[in-house]
Every structure is written in C-alpha cells, then in structure tokens.
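In this chain, residues are counted from 1 in sequence order. When a ligand or atom number is given, it counts from 1 through the structure's own listing order.
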Amino acid sequence: MPAVGIAVGDNKKEYPGNLTPFVTVTCIVAAMGGLIFGYDLGISGNSLYIKFNALKLDFGICGVTAMPSFLRKFFPSVYRKQQASITNQYCRYDSQTLTMFTSSLYLAALLASLVASIVTRKFGRKLSMLSGGILFCAGAVINGFAKAIWMLILGRILLGFGIGFANQSVPLYLSEMAPYKYRGALNIGFQLSITVGILIANVLNYFFAKIHGGWGWRMSLGGAMVPALIITVGSLVLPDSPNSLIERGQHDEAREKLKRVRGVDNVDEEFKDLVAASEASMKVEHPWRNLLQRKYRPHITMAVMIPFFQQLTGINVIMFYAPVLFSTIGFGNDAALMAALITGTVNVLATMVSIYGVDKWGRRFLFLEGGSQMLICQVVIAACIGAKFGIDGNPGELPKWYAIVVVLFFCIYVSGFSWSWGPLGWLVPSEIFPLEIRSAAQSVAVSVNMFFTFIIAQVFLTMLCHLKFGVFLFFAFFVVLMSFFIYYFLPETKGIPIEEMGQVWKTHWFWSRFVADEDCPKGGGGYEMTKAGQGPKNV
Ligand code: BGC
C-alpha cells in the first residue's frame with residue numbers, strides 16, 4: 001500500500017505575519033458572501049421540499065415552494081396535484097416544471113462562475129464580490145415583487161448569477177488574505193455563513209408562511225435583499241488581496257497592503273514569492289486551455305472531484321428528509337420548524353468545530369473522520385427506514401423511539417458533513433491552485449458543485465421511487481469512494497503558504513509523475529519527504 005499525503009520538513013518556508021484584527025475583520029466581512037447562498041438554500045428548499053410535501057407526509061411548510069399561496073398563484077396545476085392522496089410514500093408525482101424553476105438558479109450560477117473567472121482575474125476579487133451582491137439584490141427585489149411567473153424566473157436567474165460570482169471569488173479571496181497558518185479557519189467562515197444563512201432562512205420562512213393573506217412568500221423571497229446588501233456594502237469596504245493587486249501590476253500598493261494585512265514590516269520574502277507567482281502567471285495567456293496541461297492534472301482533478309463528491313455525500317437529500325422524520329416523532333405542525341432548528345443548529349455548531357480544528361488536525365483527518373461518520377449513519381438510517389417503510393413504502397405506525405433513533409443518527413450525519421466535506425469542499429479547491437490558473441480552476445469547482453446540486457435535485461424523486469430506502473446506500477457507496485480518493489490522492493495542505501503549494505504535488509506518491517521540478521521553480525519551500533507516518537514516497 002502506498003504511503004500517502006505529505007509531511008512538511010523542519011526547514012519549511014515561513015513568512016512572518018500575525019492574525020491581525022485587520023485581517024480577521026476583513027475575512028469575516030468577506031465570508032458573509034456565503035450568506036446569500038445559504039439564504040437561498042434555506043428559502044428555496046432546493047426544490048426538494050416540494051417533493052417531500054408532494055409525498056403528502058404532512059410535515060408542515062418548509063421552503064417557499066411549499067407555501068400553498070405561492071403554488072396557487074404561480075403553479076396552479078402543481079397545487080391541484082398536491083391535494084391528491086396516494087399510499088406509496090416513495091413514489092408520487094413529480095413536477096419537473098417546478099423543479100426546473102428552483103433549479104434554474106444552479107444553471108445560472110454555473111454560467112456566472114465562468115464569467116466571474118475573467119472578472120476575478122482581470123479586475124480583482126472585490127469586483128466579483130460586488131457584482132455578486134448587486135445581481136443577487138436585483139434578483140431578490142424582482143422576486144419579492146413578482147406578479148407573473150416570468151418575473152420569478154428572471155429573479156431566480158439573477159440570484160443564480162449572484163451566487164456564481166460570490167462563490168467563485170469569496171473562497172479565493174479568503175485563502176489569499178489569510179496568514180497561511182490560519183487559512184483553513186478563516187476560509188471556513190464562508191461555509192459558516194452558508195450554514196447561518198440556511199438556518200435563518202428556514203426559521204423566517206416558517207413564520208412568514210403563517211402570515212394571513214398569503215403574501216408571506218414575498219417576505220421570504222424579498223428578504224434575500226438583506227444578505228445581498230451585506231455583501232454588496234462589505235465588498236466596497238474590503239481591501240483588494242495583495243495577490244490580486246500584484247496580478248494587476250500594482251506592486252507598491254500590494255506591498256503596503258501586505259504589510260497591513262500581516263501586521264509586520266518585514267514582508268519581503270512573501271512579497272518576492274507573490275511577485276514570482278504573478279510573473280509565472282503573466283506568461284499564461286489562456287488560463288482555460290492551460291488547465292488541460294499535464295502539470296495541472298492534479299489541480300483539475302481536484303477541481304472536479306471535490307465538489308462532485310461533496311454533492312454525492314447526499315447532504316441536500318438527507319437534510320430534506322428531516323421534516324418527515326420530525327413529524328413522525330410527534331412534533332406535528334411544528335415538525336418543519338423543529339427540523340430546521342435542530343439540523344440547522346447542528347450544521348452551524350459542527351462548522352465551528354471545523355474552524356477550530358482545520359489548521360490543527362489538518363484537512364485529510366477531517367475528510368476521513370467525517371466520511372466514516374457519515375457512512376455509519378447512512379447505513380443505520382437506511383436499515384431503520386428500510387425496516388419500517390419496507391419495499392412498498394407504507395410505514396403504518398412508526399413508533400416514536402424508532403424515529404428518535406433515526407433523528408439522532410441523522411444529526412450525527414449532518415455534523416460529520418459540516419466539519420468535513422461541507423467546508424472543505426470550498427476550502428481545498430480555493431487553496432491548491434497556482435495563481436495562473438486559480439481563477440479559472442475555481443470556476444470549474446463552482447460549476448461542478450452547481451451542476452451536481454442541480455442534477456441531484458432533478459433526479460432525486462425518481463431515485464427515491466426506484467431505490468427506495470436504498471437511496472441512502474447509494475450515497476453511502478459514494479462516501480466510501482470519496483474517502484479512498486482522499487486517502488490516496490489528496491495531499492495535506494494545512495500550514496503551507498498558498499504560493500508554495502506546488503510542492504505538495506511534487507512530493508506526492510502519485511501526482512509527482514505529472515509535476516516536474518521546473519514546474520515549481522520558485523521558493524522551493526524546503527518541503528521534505530518523510531518516511532514516517534504520512535510521508536510520501538514513490539511507488
Ligand atoms: C454545500 C451545499 C449544502 C450546504 C449545507 C454547502 O457546502 O455546497 O450544497 O446545502 O453546504 O450546509
């Protein structure tokens with residue numbers, strides 16, 4: 001068995017710098033960019049809520065697409081069908097139109113992240129964040145005042161554009177600004193904002209749905225303006241990252257900014273390396289075509305596989321099961337609120353654990369621990385649900401204790417995701433790309449994430465109908481696969497300066513065959529191969 005990962009030798013390169021209040025506040029503000037994505041995930045219910053609602057499981061109201069007044073106004077046929085009853089809980093009608101409506105956001109985000117790649121590279125991370133905020137805000141206004149379905153769709157597309165821009169630029173910005181020793185923690189602020197956004201949106205939605213007169217959905221959709229304004233204003237006051245300033249030729253300003261960000265005067269070493277990285281980057285005329293070069297094989301593999309696997313954990317499907325289970329436990333009409341509160345809080349708290357541990361325990365440990373935790377839970381949940389719902393999908397009476405056990409495993413699953421694939425799915429891609437392909441490669445990562453979020457939302461109901469409780473085993477299978485992938489192919493990136501990252505591939509047992517010495521000319525960094533523990537060696 002090959003030894004995998006990389007350990008850093010004693011003489012590793014270290015840049016002076018502190019976790020200054022300036023960089024901390026800057027990163028907190030930028031991380032708020034995750035709020036718009038989270039808020040939307042919470043409000044739209046990712047289109048799966050309607051499907052569960054369609055299952056007639058009577059678990060209350062979650063996403064805006066489950067509000068009767070919203071459906072009656074914009075999707076009357078869906079509303080009528082929703083009233084029908086059926087006994088098989090696994091297989092019900094499926095509304096492709098409605099799913100398309102909610103999912104159009106992901107396609108728009110996918111396209112926007114490609115455009116954002118150019119803006120981020122040529123005009124800086126700030127402008128992409130600002131564009132994200134403005135587009136999202138416009139979408140929220142149009143949706144809040146929607147009178148016809150075209151307004152809803154237009155609004156949703158604008159929201160998608162906003163998310164595409166923000167998700168492309170915010171993680172990159174955070175990884176560049178943070179001192180490398182705290183990069184993981186500061187970057188995960190982005191995922192923390194996503195989880196806070198989901199929690200707030202779910203809770204607000206629950207109460208807005210109760211507004212008499214049926215206009216609560218306007219509040220839910222229009223409320224997206226608040227997170228949009230936060231990131232819009234935030235991006236105006238944020239400084240540009242030194243990496244981005246150098247990339248755009250503003251060297252003096254970049255040096256001053258670097259001093260301010262790091263809180264020390266002696267930034268020569270880091271500045272020199274940033275300039276070297278930028279010079280290498282200047283030689284690249286076609287970052288997209290460049291991505292296909294052999295030396296970038298490890299990077300492009302990660303840009304595709306990490307977001308793909310993040311969605312194949314099944315997180316969005318599992319989260320949407322929550323209300324069903326909570327109603328079974330006996331929360332009745334409050335099931336949706338309880339589900340949102342409990343899973344939402346677990347999601348937020350577990351993300352904080354990740355912030356605490358990511359730069360101490362490393363990315364690989366969290367990936368592997370979280371994966372094992374999710375796997376166990378998925379198998380237990382599949383067994384429990386399978387035993388009760390059986391093949392025909394009719395549960396009869398579900399004992400309460402039974403549902404409590406399932407909910408417990410459910411929360412353990414969510415926490416496993418929230419300190420592993422959730423945050424790391426955004427952190428790792430943003431920190432491994434060299435400057436010359438960083439922006440383009442990050443767009444690939446965002447596009448893949450959006451594409452599979454979309455695909456899973458589209459095919460979920462059909463999968464549930466055919467695989468039944470086995471749908472959990474389907475995702476469990478992928479969790480096994482992704483854990484092997486991490487174990488063998490992802491080198492540890494904790495504590496390594498971002499512009500020195502090339503070394504981790506050069507010393508990796510597998511990727512070293514793609515990366516030649518001259519591919520990582522600068523710095524050198526002094527990373528050594530070690531034999532003990534995780535030390536890489538060629539096989
Ligand atoms: C994922 C989303 C998911 C969320 C849950 C994010 O990192 O990209 O698909 O809904 O985490 O917290």
Using modelled atom types only, decide if a donor and an acceptor are shared between the side chain of Arg297 and the backbone of Leu291 within a distance under 3.5 Å.
no
Could you tell me whether Trp426 and ligand 1 have an N or O pair separated by under 3.5 Å?
yes
Atom indices of ligand 1 within 4.0 angstrom of Asn316 heavy atoms, with elements
3 (C), 9 (O), 10 (O)
Distance-only N or O hit between ligand 1 and Asn347, under 3.5 Å:
yes
Should the pair Arg438-Glu431 be classified as a salt bridge under the 4.0 Å nitrogen-to-oxygen rule?
no
Report yes or no: does a heavy atom of Gly422 sit under 4.0 Å from some atom of ligand 1?
yes
Below 4.0 Å, non-hydrogen atoms only: which portion of Thr453 touches ligand 1? Side chain, backbone, both or neither.
neither
Kindly confirm or rule out a cation-pi arrangement of Lys210 over Phe208, judged by NZ or CZ under 6.0 Å from the six-membered ring centre and within 45° of its axis?
no
For the residue pair Gln191 and Ser418, confirm or rule out a side-chain donor-acceptor distance under 3.5 Å.
no
Going by the atom numbers of ligand 1, which of them fall below 4.0 Å from some non-hydrogen atom of Gln191?
6 (C), 7 (O), 11 (O), 12 (O)
Going by atom types only, do Glu369 and Ser420 share a side-chain donor-acceptor pair under 3.5 Å?
no
Is the backbone N or O of Tyr173 less than 3.5 Å from a side-chain atom of Arg125, with the two atoms forming a donor-acceptor pair by type?
no
At a 4.0 Å threshold, what atoms of ligand 1 neighbour a non-hydrogen atom of Ile198?
5 (C), 12 (O)
